[in-house]
Number of protein chains: 2
Amino acid sequence: MTIKGFIVKSTIVTYTRPMAFPPFAVTVDLVVFTIRDDALHVLTIRRGESPFKGRKALPGGFVKVNEDLDTAAARELLEETNIGSVDRLHLEQLGTYGTPKRDPRMRTVSVAYLAFAADLATPVAGTDAASAQWSPLSATLSTKMAFDHLTILQDGLERARAKLEYTTLAASFCSNPFTIADLRHVYELVWDTTIDPRNFHRKVLASEGFVEPTGEHTSAGRGRPAQLFRPGPATQLHPPVRRQH
Amino acid sequence: MTIKGFIVKSTIVTYTRPMAFPPFAVTVDLVVFTIRDDALHVLTIRRGESPFKGRKALPGGFVKVNEDLDTAAARELLEETNIGSVDRLHLEQLGTYGTPKRDPRMRTVSVAYLAFAADLATPVAGTDAASAQWSPLSATLSTKMAFDHLTILQDGLERARAKLEYTTLAASFCSNPFTIADLRHVYELVWDTTIDPRNFHRKVLASEGFVEPTGEHTSAGRGRPAQLFRPGPATQLHPPVRRQH
DNA sequence: CGAATAGTGTCTTTAAGACACTATTGA
DNA sequence: TCAATAGTGTCTTAAAGACACTATTCG
């Protein structure tokens, strides 16, 4: 078993004794969704090195020796975007991917995380190939991605779709404050459907704790000005907003 | 960084070069539920060695060098129970637990799996401390378990409860064939509620593909003989069987 | 004004829950 | 016979969906 040298930050762990368990590299990978230009986008990087040089990949990196998995995911997210803090942002574990040959260099187990961001979270500027970009989701789903990242992305999308049904996470996609139409737009783009605006409006207002009125209204735009809301205290929806079945 | 020697099966990986990433041990842990004696039970082992000597723990073990995570989980499950094959059994990834100090001996990341078994899956006989036992769930939830296994168990229970709502997995708890009352019993024990037998009966029969009649009936027992069913082809329930909210 | 979007009222349909009632067995 | 469990019918209630209608803005 040979493992190519690969230096991560400045951490090099030297280990010279026989080990009693197979050593694995553990990474976190991030599926970060946002809405911009009226379409769902995912945060990607372009690989500058072999393997999979030139392909799109999910942002991520090695978990540090004394770092919690959740902390590693939050750290990578902060490094890749200029979102101020991880507080007003949803980050959850998606699943773990550890097929033996998924990384040809070494045996790697990747813990994938799913995040929803409002559009203010623009990627960190940078000209190197590893800087993150927002990629339109629909196009990205039909490209070849590095490693098993396309599978992870598909799983992340399905999780996001399911979560909108019974949680208030759609509000995480909206900058604050937002209108009911903004919120509806999230559902329509993530589910790739259309929703009756009138029934949706009534439904959201009837869901205790989903949104709270700010008292303000939108100033400009076609049509009647809309009320502005902020996210309410609820996290789960009873009853859920149902997808077509 | 020192790691105590610890031999797993007969696999010893010798690694003598500087490594460019922090080495982790990767394990799988299993939350296996079954119903016996009219109560939900979970498969546990009793730890025979330090750390946490004498405490209950979830069955599990190291992932092998060239083994997929799912395969490792299935292998451990087959090793601990005498269920014939993994075919008629539900096994899904639950989550990954990797807090730095969760195993005091070394940095370990554990990928937890959730399984539902019909009662025919009795644990492997054996007198050593590591042999698996069915433990009543309610009692187990109030014991101190090894590592973070109590947290994993709680997460597994919540996942199981949620999954019964919108999937046909309750049938995985029933030996084949089963009655509608058997199926209702699964819901009642996992959710710790009572369900109206008459409404449940109608609801299950109205769910396309949930169960299929075998044409047979139960022979003995109090009351009118019940029809026997086998699991149908459906995996998802539309509409779901709702929990109280 | 008309087009566009916000928001309300109300009817229909679907599904959940309560519960009376019949069916078929063993003790 | 009664107690127990299986299974059906039907009414009530809650929520989803269709859609007419009013409200308020911009061009």
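So you know, we letter chains A, B, ... as the sequences are listed, proteins then strands, and number each from 1.
Phosphate contact (OP1/OP2 of dA6(C), side-chain N/O of H201(A), threshold under 4.0 Å): absent. Close to dA16(C), at under 4.0 Å from its OP1 or OP2, lies a side-chain N or O of K203(B).
Rounded to an integer number of Å, the gap from CG of L205(B) to C1' of dA6(D) is 11 Å. In this structure, CD of E216(B) is placed 17 Å from C1' of dA6(D), rounded to the nearest angstrom. Between Y187(B) atom OH and dG17(C) atom P there is a gap of 13 Å when expressed in whole angstrom units. Distance H238(B) NE2 to dT14(C) P: 17 Å, rounded to the nearest Å. If you take CD1 of I180(A) and P of dG7(C), they are 7 Å apart, rounded to a whole angstrom. The CG-P distance, from L228(B) to dT25(C), rounds to 14 Å in whole Å. Atom-to-atom, CZ of R202(A) to P of dA16(D) comes out at 10 Å; the value is rounded to the nearest Å. Atom P of nucleotide dA18(C) and atom CZ of F200(B) are separated by 15 Å, given to the nearest angstrom.
Side-chain proximity of R198(A) to the nucleotides dA6(C), dA6(D), dC19(D) is greatest for dC19(D). Closest to the R184(B) side chain, of the nucleotides dA6(D), dA15(C), dC19(C), is dA6(D). Nearest nucleotide to the R224(A) side chain, out of dA6(C), dG7(D), dC19(C): dA6(C). Which of dC19(C), dT24(C), dA6(D) sits closest to the side chain of P225(B) comes down to dT24(C).
Residues D196(B) and V241(B) both approach DNA chain C. Their nearest nucleotides, taken by heavy-atom distance, put V241(B) toward the 5′ side. DNA chain D is contacted by both A226(B) and S219(A); A226(B) maps to the nucleotide lying nearer its 5′ end (nearest heavy atom per residue).
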Yes or no on side-chain contact (heavy atoms from CB on, under 4.5 Å) for L89(A) and L77(A), after CA distance, side-chain angles and deciding distance? CA-CA 10 Å; L89(A) 180 102; L77(A) 182 54; 3.1 Å; yes
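Using bins of under 30°, 30° to 60° and over 60° for the plane-to-plane angle, the ring pair F116(B)/F33(B) lands in the parallel bin.
Nucleic acid contact class of R222(A) (heavy atoms, under 4.0 Å, all strands): sugar-phosphate only. Nucleic acid contact class of A206(A) (heavy atoms, under 4.0 Å, all strands): none.
Between Y97(A) and F147(A), the ring center distance fails the sub-6.0 Å criterion.
In this structure, Q93(A) contributes its side chain and V111(A) its backbone to no donor-acceptor pair below 3.5 Å.
Looking at Q236(A) and H238(A), their side chains never bring a donor and an acceptor atom within 3.5 Å of each other.
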